[in-house]
Amino acid sequence: MVLGDIIRVEDAYTYLVKISPDAQKEGIGRLVKIRKHDGIIVGVIKNITHTIREELIPYINPDMQPKYAPFNEDFRNSYYVIHGLGMINRGSVKYDIESPPDIRDTLELLTTNEVREFHTINGKPSVAYFHANRDALDKKILLCIADQVGLQCPECGSMLRLVRKHIERD
Amino acid sequence: MLGTVNNSDEEGFTFISCERLAAGMFVCYTEEGKKILCRVKHCEPLNTYPEEFLMDLELSADDVSRFYGLDPEDFKYYSYAASVIGYFDNAMGEFINPRTNPACGVKVDRAGEDVLKDISKVQKSAAGSAFIGNVLGSKTGVVMSVRDIVSQHVSVIASTGAGKSYTVGVLVEELMKPYNMAPVLIFDPHGEYSSMGEVQNMSEFITQSYRPKVRIVKPENIKIRISDLLVGDFISIMDDGTMSDKMKTLFRAAYHSLRNNSKKKFTRNELRQEIEALRDSNNEPTIEGILWRFGKLHANIFDDFQTIPLADYFKVGQLTIMDVSGIEETFQQLIASVMLRRLFDAREGTENNRYNESHVDKFIPYPVFVIIEEAHRFAPHSGEAKSKGILKTILSEGRKFGIGMCLVSQRPSKLDADSLSQCMTQITMRIINPADQQQIAQSIESASRDLISELPSLAKGQAIISGVAINTPALVRIRKRLTSDLKGRSKDAPALWAAQKVYEEKHEPVLRADKEMDIGV
């Protein structure tokens with residue numbers, strides 16, 4: 001299911017996605033993907049923002065905005081901030097982004113099989129991008145990813161437990 | 001190459017290496033064509049695993065690190081702190097500290113044979129050499145200078161079971177070798193050096209013109225000649241705490257009267273007569289009190305004529321072992337005191353030409369070496385011992401007259417600090433007691449204080465050798481002794497008990513009924 005379209009690429013690892021109005025809303029920390037012609041870019045929802053079109057702001061009584069805004073979706077926009085984690089290219093997993101997505105590329109949820117595939121390196125479970133992204137991603141996001149990995153790769157539960165402890169105490 | 005220098009300060013420098021290096025190990029770097037010897041002080045890991053990765057005993061920290069995205073190889077690097085010793089100057093015959101640290105980025109290497117050989121002052125098997133062992137972790141031998149050991153004394157300090165007597169045995173073996181032929185006397189309170197007699201028949205010690213002799217003097221053959229005792233010696237023997245000042249005064253008067261009558265040698269009877277001569281109506285009880293105590297001088301150890309024959313004990317190429325085991329401690333101190341006093345007098349008199357060949361038992365025209373086991377009994381830190389005074393005199397003045405001393409003790413904190421500090425070469429083995437470590441730290445040269453922290457972790461047979469007999473302090477593995485050391489070894493009590501039980505069961509006497517024994521009367 002398509003969650004939205006990429007409307008801006010800040011840099012190789014940061015993309016802004018406009019959420020489709022009829023798409024189900026996902027939370028921060030969810031693993032997502034952006035399809036490319038030869039594979040997928042795997043990312044995580046780093047942030048969610050809502051804005052009102054600037055030109056309409058003067059016409060809405062500030063006291064009335066909370067009451068009326070939810071009913072007027074024409075001027076309200078929501079965006080996902082996506083942080084790129086790596087790529088799956090023809091079955092090969094890399095924790096690096098060689099080329100970012102393009103404008104209008106679509107954002108989807110990472111499937112359970114893809115979650116497992118992305119977290120397996122040389123046949124062994126891995127979250128090796130955690131260390132490189134410990135400054136870029138909030139600890140809550142990393143913990144959320146760890147939960148998703150734990151569900152799909154139960155064999156690395158013990159190691160994930162230690163990694164979780166390390167992230168929580170860091 | 002071992003590693004690379006990354007920092008330096010007033011304490012020394014640090015270098016990074018992925019090899020595991022022991023504290024005290026020698027490394028070197030090259031500067032202006034010279035190899036600069038350095039010593040590793042301590043090490044710490046360059047990076048540490050996150051603590052949480054160590055919390056599961058079933059998982060390897062490397063695996064968890066790799067899982068998380070850390071490179072396990074990062075944790076295999078160590079930062080070593082080292083200090084500069086210097087480059088060896090052949091003209092000066094010592095290590096010269098360049099007074100600078102290596103620059104950042106300089107490569108550090110293991111110190112090889114070409115550098116380590118300069119730790120020794122003398123070449124192995126050369127005249128005046130004592131090969132004591134190898135630099136720890138290396139095959140390079142450490143050879144001490146016998147000249148420096150004998151002229152400036154040596155101490156051997158170690159806890160029980162660390163190999164102290166074994167090391168003394170190695171040192172004595174070297175002194176008895178054909179390239180030394182030293183006259184050595186061991187003052188042996190425990191009788192544990194009798195196996196040194198094996199040197200007489202070992203090929204390593206025998207040449208066409210030389211064969212060492214070993215003389216073991218048993219306790220029953222050790223005698224103190226009465227006239228060798230000083231007045232203080234007499235009083236300490238006789239006084240059980242109840243001798244009054246009047247008795248002491250009268251006794252001193254009798255003693256000095258005998259001495260002043262040119263009676264260099266006198267017998268107990270003559271001294272008794274001198275005491276009797278002082279009797280008058282006013283001091284009868286006092287004289288009786290002295291004479292009653294005088295009876296202690298009839299102990300077996302005392303003799304009117306027999307004495308410690310110095311000239312027989314101190315011969316070139318002879319090891320004399322004075323086995324004083326079984327003799328009570330105060331008498332051991334007295335024997336040591338008398339022997340050392342006479343020895344000092346003989347050497348001083350010979351050097352100053354007061355004595356010649358005609359002075360039997362006083363003419364000793366060569367340096368001698370005396371080893372005192374359990375030295376803390378003879379020169380205690382606190383309390384008195386008859387031998388303390390003469391021991392301190394020899395340690396401070398013996399160099400001039402060629403008397404070398406080796407103090408052996410397992411309790412340096414109980415050994416007189418002045419005496420210990422006079423031993424300019426130190427062989428220090430495992431010491432666990434903090435008070436003893438403190439004492440060693442105060443008496444050892446400053447360059448080797450870094451090694452003091454290694455003392456508790458030294459294994460049996462490992463020693464820190466420091467002082468004038470080598471060019472720089474070193475951690476040494478003592479070489480294998482050529483003679484056996486059975487007597488010095490710890491007893492295997494459970495094995496011996498089991499053997500005794502078997503013996504008793506085998507030789508259990510057969511019990512017979514009384515009637516069988518009745519042969520009628």
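Proteins get letters first, then strands, A, B, ... in listed order; numbering begins at 1 in each. Just so it is clear, the structure is predicted and the values come from calculations on it, not from any experiment.
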Enumerate by number any residue of [range] whose heavy atoms lie under 4.5 Å from heavy atoms of chain A; in the absence of such residues, state 'none'.
{"range": "residues 67-77 of chain B", "value": "B/F67, B/Y68, B/G69, B/L70"}
{"range": "residues 6-25 of chain B", "value": "none"}
{"range": "residues 45-53 of chain B", "value": "B/P50, B/E52, B/F53"}

Decide if atom CD of B/E32 counts as having more than 12 heavy atoms of other residues, nucleotides or ligands within a radius under 6.0 Å.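 Incorrect, the count does not exceed 12.
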Counting heavy atoms not belonging to B/K414, are there more than 12 under 6.0 Å from its NZ? no
Report, in residue-number order, which members of residues 87-126 of chain A are under 4.5 Å from chain B by heavy-atom distance. A/P125, A/S126
Quick check for you: to the nearest 0.5 Å, what is the distance between B/M55 atom CE and A/H166 atom NE2? 11.0 Å
At what distance, to the nearest 0.5 angstrom, does CZ of B/R66 lie from NE2 of A/H131? 14.5 Å
Tell me, side chain or backbone of A/R161 under 4.5 Å from chain B's heavy atoms, or both, or neither?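 For A/R161, the side chain is the part near chain B, not the backbone.
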Looking at A/D170, A/L160, A/I167, which one has more heavy-atom pairs under 4.5 Å with chain B than the rest?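 Sorted descending by pairs with chain B, the first entry is A/L160.
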